[in-house]
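One structure is given here, and the rest of the page talks about it.
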Protein chains: 2
Amino acid sequence: MARNNAKDIFLNYIKEKGLRYTKQREAILEAFLASGKHITIDDLYNTVKKTNQEIGYATVHRNLKLMTECGLADEIKIGSHKTRFEQKYGHEHHDHLICMKCGKFIEVHDDKIERLQEKLAEANDFAPQRHKLEIYGLCKKCR
Amino acid sequence: MARNNAKDIFLNYIKEKGLRYTKQREAILEAFLASGKHITIDDLYNTVKKTNQEIGYATVHRNLKLMTECGLADEIKIGSHKTRFEQKYGHEHHDHLICMKCGKFIEVHDDKIERLQEKLAEANDFAPQRHKLEIYGLCKKCR
DNA sequence: ATTAATATTGATAATTATTATCAATATAGC
DNA sequence: GCTATATTGATAATAATTATCAATATTAAT
Ligand SMILES: [Mn+2]
Ligand SMILES: [Mn+2]
Ligand SMILES: [Zn+2]
Ligand SMILES: [Zn+2]
């Protein structure tokens, strides 16, 4: 299943790079794969801390970066807030509607928009690699 | 012309809010309206410093915020870099293609994408107010 | 023009988030 | 087990933004 594949990707990446698999690294990986959407470093730090008292903040930070490098995680930077991470492996690409009042993230996807973006880039002799589409406004409850 | 209208907008905003029109404020406004695209606070600070030796960084920062509030400027936050500002008044809305190698910004606009975004928001009971579309990749020269 | 109320300024401190440093320790291959 | 070295955790450094505050400037009223 996806959980195990994700773990394999991480383990392979670790091995390829000549890195080592530590207890902390495992705890952080597990916690991340079990996490919900759009978590901050603090979120993950606090979660891991419960079962791993002596974990350091920097270690969580470093390993989230590592998971991002190997494609398991995606960084999301919203406004001036702190960086959030979300699971990427086994999750389709999507964009976000962000409520300016309650902070809710709605995940959306529109193939037409995606294709038009490709065209738009092409028309400008630009080779797109990734994009960020964030629509800010008010959600159903807040408007 | 646009330059004067922009200035009027700022002056009206100042007056409405019971604020005061200072030499520094005027210098910063003029410099901003004469500025090119996507400038940082430092950029504007250095420009204004040439004719206004004793200007403070915080004053430039505060006034850029003020210009943003009244609709003259737009903030652009790219990756982890510092905030950039661009002129908004008299400039059509656009999105950006950003070269990951040379840092070039290409300004683009696609009405179809804009309309599809509206639809997408609507389909999610979301009232969109503004959005950010950034496509990262390689420009003609860099690929 | 004086005055009084208060908004603004500039220097600097505080805050926030991220990243670097480094000695102690843990890991992996032999 | 031994060795080379990657990792960790505490903390410092960095970077960007925002807050503080006493001195000063602006505005409107007199
Ligand atoms: Mn998401
Ligand atoms: Mn632009
Ligand atoms: Zn909401
Ligand atoms: Zn380029």
Side-chain angles (χ1 to χ4, degrees), chain A residues 10-32 38-70 73-85 103, chain B residues 10-32 38-70 73-85 103:
Chain A
F10 191 62
L11 292 178
N12 286 337
Y13 186 74
I14 291 288
K15 183 150 280 184
E16 275 172 23
K17 284 264 205 170
L19 306 180
R20 294 168 185 181
Y21 196 58
T22 65
K23 297 183 205 320
Q24 292 93 333
R25 199 156 268 173
E26 175 162 35
I28 294 165
L29 172 65
E30 297 286 1
F32 176 67
H38 317 132
I39 60 167
T40 61
I41 298 176
D42 295 273
D43 293 337
L44 196 56
Y45 173 65
N46 289 322
T47 300
V48 176
K49 199 116 209 245
K50 287 175 190 162
T51 58
N52 209 324
Q53 231 77 49
E54 70 295 343
I55 199 92
Y57 185 90
T59 300
V60 176
H61 171 266
R62 279 184 294 236
N63 281 288
L64 267 172
K65 287 288 179 188
L66 211 56
M67 289 188 260
T68 302
E69 274 175 46
C70 74
D74 235 359
E75 287 192 10
I76 314 173
K77 290 173 193 260
I78 297 297
S80 60
H81 301 59
K82 59 179 62 171
T83 302
R84 289 173 178 277
F85 295 82
Chain B
F10 190 63
L11 292 179
N12 285 337
Y13 186 75
I14 291 289
K15 183 150 281 184
E16 274 172 23
K17 284 264 204 171
L19 305 181
R20 295 169 184 180
Y21 198 58
T22 65
K23 296 183 207 321
Q24 292 92 332
R25 199 155 267 172
E26 174 161 36
I28 292 165
L29 172 65
E30 296 286 1
F32 175 67
H38 318 130
I39 60 168
T40 61
I41 298 177
D42 295 273
D43 291 338
L44 195 57
Y45 173 64
N46 289 322
T47 301
V48 175
K49 200 118 210 248
K50 287 175 191 162
T51 57
N52 210 324
Q53 231 80 49
E54 70 296 341
I55 198 93
Y57 185 90
T59 300
V60 176
H61 172 267
R62 280 185 293 237
N63 280 288
L64 267 171
K65 289 286 180 191
L66 211 56
M67 289 189 260
T68 302
E69 273 175 47
C70 74
D74 235 359
E75 286 192 11
I76 314 173
K77 289 172 193 262
I78 296 298
S80 60
H81 300 59
K82 57 179 65 170
T83 302
R84 289 174 177 278
F85 295 82

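Note that these values count all heavy atoms, side chains included, but never hydrogens, waters or copies made by symmetry. In what follows, chains carry the letters A, B, and so on, assigned in the order in which the sequence lines appear, proteins first and then strands, with residues in each chain numbered from 1. Computed from a predicted structure; not experimentally measured.
To the nearest angstrom, P of C:dT8 lies 14 Å from CD1 of B:Ile55. Remark: P of D:dA16 and OH of B:Tyr57 are 8 Å apart, rounded to the nearest angstrom. For the pair A:Asp43 CG and C:dA17 C1', the interatomic distance rounds to 14 Å; values are reported in whole Å. Following rounding to the nearest Å, A:Glu69 (CD) and C:dT19 (P) show an atom-to-atom distance of 11 Å. Between the CD1 atom of B:Ile76 and the P atom of D:dT17 there is a distance of 13 Å, rounded to whole Å. Rounded to whole Å, atom P of D:dG9 lies 15 Å from atom CD1 of A:Ile41. Look at CD on A:Glu54: it is 14 Å from C1' on D:dT7, rounded to the nearest Å. Atom NZ in A:Lys82 sits roughly 15 Å away from atom C1' in C:dT19 (whole-Å rounding).
A distance-only check finds a donor-acceptor pair linking the side chain of A:Arg25 to the backbone of A:Arg20 [under 3.5 Å].
Note on A:Gln24: a side-chain N or O is less than 4.0 Å away from OP1 or OP2 of D:dG9. The side chain of A:Thr83 places an N or O atom within less than 4.0 Å of a non-bridging phosphate oxygen (OP1 or OP2) of C:dT18. For the pair B:Lys77 and D:dA16, the criterion of a side-chain N or O lying under 4.0 Å from OP1 or OP2 is not met.
The two residues A:Lys17 and A:Glu69 have their closest heavy-atom pair at NZ-OE1, 4.1 Å. Of all non-hydrogen atoms in B:Ile28 and B:Val48, the two that sit nearest each other are CA-CG2, 4.1 Å.
Side chains of A:Thr22 and A:Thr59 form no contact here, defined as non-hydrogen atoms less than 4.5 Å apart. Side-chain contact check for A:Leu11 versus A:Leu29: every heavy-atom pair is 4.5 Å or farther apart.
The listed nucleotides are D:dT17, C:dA20, D:dA19; the one nearest the side chain of A:Ala58 is C:dA20. Closest to the A:His61 side chain, of the nucleotides C:dT19, C:dT8, D:dA16, is C:dT19.
Among the heavy atoms of the strands lying under 4.0 Å from A:Asn63 are primed sugar atoms or P, OP1, OP2 only; no base atom is included. Contacts of A:Asn52 with the nucleic acid, taken as non-hydrogen atoms under 4.0 Å apart, are absent. B:Arg62 comes within 4.0 angstrom of a nucleotide base, judged by non-hydrogen atoms across all strands.
A distance of 6.0 Å separates CD of A:Gln24 from CG of A:Asn52, quoted to the nearest 0.5 Å. Between atom CD of residue A:Glu26 and atom CD1 of residue A:Ile14 there is a gap of 11.5 Å, rounded to the nearest 0.5 Å.
Near DNA chain D, defined here as any heavy-atom distance below 4.0 Å, the residues from residues 14-23 of chain A are A:Gly18, A:Leu19, A:Arg20, A:Thr22, listed numerically.
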